[in-house]
Structures are given as C-alpha cells and as structure tokens.
Amino acid sequence: KRLDELTLDEIRDLARQARRHYASFFVTGGEPFVRKDCTDILETILSVGCKAGVNTNGMLLTPERADRLIRAGLNFVIFSINGPHEVHDRVVGIKGALARTLDNLRYFAARKKKTRVFVNAVISDNTVDTIDQVPGLLEGIDLDGITFQHESFLTREETRQHAQVCDKNFPGDKTELVVYVKDGPMPDPAHIFRQVGRLKTAAEKAGVRIVQKPELSYQDLDTWYSE
C-alpha cells in the first residue's frame with residue numbers, strides 16, 4: 001500500500017461528503033481490479049448511498065467479486081472488448097484473455113439484477129480491421145448496451161494547458177503528466193468509415209443494439225483523424 005492512498009474509512013468519509021452534492025463515482029484505470037481491494041472500495045462507496053460504476057477488462061472480475069458487487073447494488077459495469085480472440089489477446093498481451101473476459105461477462109450479465117451491464121470497444125488502428133466481429137461475440141448475452149468509441153486525442157497545446165492546471169492546483173506535486181505520442185501516420189478515415197458500416201450491418205444481423213461514440217459522418221471522421 002502506498003502512503004498517499006486513501007484508507008477505506010477515508011473513502012467512506014469522502015463518499016458521504018460527495019453524496020451531499022449528489023455526486024457519483026466512476027472507477028477506472030488501467031485495470032481497477034489489479035487493486036485487490038477494488039471490490040471493498042466500491043462496496044464502501046455504495047454503502048453510503050452514492051452511485052458507482054466501474055470499467056474493467058473483465059479478466060479479474062471473478063464470480064465471487066461479481067456476486068459481491070451485485071449484492072452491493074453496483075449501478076453499472078463496463079467490460080472492454082477489443083475484437084475477436086486473437087486481436088483482443090494481442091492488445092491485452094495475455095493469451096486466453098478474451099475467453100476469461102467473456103466467461104466473467106456472461107456470469108455477471110446472467111445475474112445482474114439492477115446493475116446495468118455494458119460492453120465498450122475502442123476503434124483504433126489495432127482493432128479496426130476486425131471491429132465488425134465484436135457483435136457476434138456477444139449474441140445471447142443480456143446486455144444493456146454496446147458502445148464503439150473512437151480514439152480521443154489531445155493536441156500539444158491541450159497537453160500544455162493540462163500541465164498548467166495541474167501545476168496551479170497541485171503546487172509542489174512532483175507527479176509527471178504522462179503523455180502517449182502516436183507515432184507514424186494517423187488511421188485512414190475512409191477505411192474506418194467502411195469498417196463502421198460493416199460493424200453496423202453485423203450488429204443488425206446479430207440483433208445487437210450499438211452506439212457509436214461519437215457518431216461521426218465521413219467528413220467528421222476525416223477531421224477527427226487529421227492533424
């Protein structure tokens with residue numbers, strides 16, 4: 001445990017203060033369940049009457065953890081899926097990752113009660129060629145929605161502004177702003193547009209309702225992925 005991490009009692013106190021302002025909590029990462037006490041944290045937030053949800057790759061959301069979170073009244077969970085088995089496993093870096101994720105997703109969705117269960121897939125140069133295969137993987141699973149999300153980018157100026165805000169609000173904090181630079185050419189908007197069309201057709205055949213975030217025309221896509 002790091003010295004700068006909140007204890008469960010501190011988290012409970014924070015959640016009580018947040019509840020007075022009608023705030024809710026969205027726990028994400030990285031992978032939040034790498035923290036062994038992530039389930040405890042969510043249960044603590046929910047126990048004081050705050051709404052809470054979590055975004056996970058699903059590998060560590062075991063049946064035991066799922067049962068606890070459903071009993072605690074988790075408001076929503078989002079499982080991240082990157083494509084068919086070979087693509088998802090390559091992106092995650094673990095052989096058999098998607099099989100474990102789908103097993104845990106099926107378990108949670110079949111027992112979800114009031115918890116809303118979603119799947120999210122990011123459209124990137126690593127996933128775009130096979131993104132239309134995702135709806136078929138999810139046939140027969142009781143989901144509340146599937147979203148397909150374009151990559152989000154910050155300009156160098158936006159990155160600089162973020163750094164300025166951090167410096168102003170957290171003076172003396174030595175934490176570095178981590179920036180990932182996309183090397184090489186940007187994805188081809190025309191190819192992405194064609195694949196999104198195939199994705200929508202595949203979803204319709206599978207009887208799966210999808211939402212694209214954001215919903216972009218071809219012209220919008222060209223702008224989105226341009227310099």
Under 3.5 Å: donor-acceptor pair, side chain of [X], backbone of [Y]:
X	Y	result
Thr39	Arg65	no
Asn104	Gly58	yes
Thr147	Gln149	no

Return the [atom1] to [atom2] distance between [X] and [Y], rounded to the nearest 0.5 Å.
X	Y	atom1	atom2	result
Asp142	Arg106	CG	CZ	13.5 Å
Asp129	Arg198	CG	CZ	9.5 Å
Cys38	Leu61	SG	CG	9.0 Å
Asp67	Tyr107	CG	OH	3.5 Å
Gln212	His150	CD	NE2	4.0 Å
Gln133	Ile81	CD	CD1	13.0 Å

Residue from Asp37, Leu6, Leu42 passing side-chain contact (heavy atoms from CB on, under 4.5 Å) with Ile11:
Leu6
Under 6.0 Å from the ring centre and within 45 degrees of the ring axis: does the NZ or CZ of Arg116 meet both conditions for the six-membered ring of Phe118?
no
Side chains of Phe26 and Ile78: closer than 4.5 Å at any heavy-atom pair?
yes
Which atom of [X] lies closest to which atom of [Y], heavy atoms considered:
X	Y	result
Arg194	Asp188	NH2-OD2, 4.5 Å
Ile70	Arg111	CD1-O, 3.3 Å
Pro135	Ala206	O-CB, 4.1 Å
Ile123	Val128	CG2-CG2, 4.0 Å
Glu10	Glu5	OE1-O, 4.2 Å

Stepwise salt bridge (charged side-chain N to carboxylate O under 4.0 Å, His left out) test for Lys200 and Glu204:
CA-CA 6 Å; Lys200 291 178 178 178; Glu204 188 174 330; over 6 Å; no
Count I, L, V, M, F, W, Y as connected when their side-chain heavy atoms are under 4.5 Å apart, and connections chain through other members. Are Phe76 and Leu69 then in the same cluster?
no
Under a single-linkage definition using a 4.5 Å side-chain heavy-atom cutoff for Ile, Leu, Val, Met, Phe, Trp and Tyr, are Val122 and Val92 assigned to the same hydrophobic cluster?
no
Passing candidate, side chain to side chain donor-acceptor pair (under 3.5 Å) with Ser80, options Asn55, Asn120, Thr28:
Asn55
Tell me whether the count of non-hydrogen atoms from other residues, nucleotides or ligands lying under 6.0 Å of CD in Glu86 goes above 12.
yes
Side-chain donor-acceptor pair under 3.5 Å between Asn57 and Thr101, yes or no?
no
Does the plane of the ring in Phe79 sit parallel, tilted or perpendicular to the ring in Phe108? Use 30° and 60° as the thresholds.
perpendicular
What verdict does the salt bridge (charged side-chain N to carboxylate O under 4.0 Å, His left out) test give for Asp9 and Arg12, after you've listed the backbone C-alpha separation in whole Å, the side-chain angles of each residue and the deciding distance to 0.1 Å?
CA-CA 5 Å; Asp9 285 339; Arg12 184 178 293 105; 2.9 Å; yes
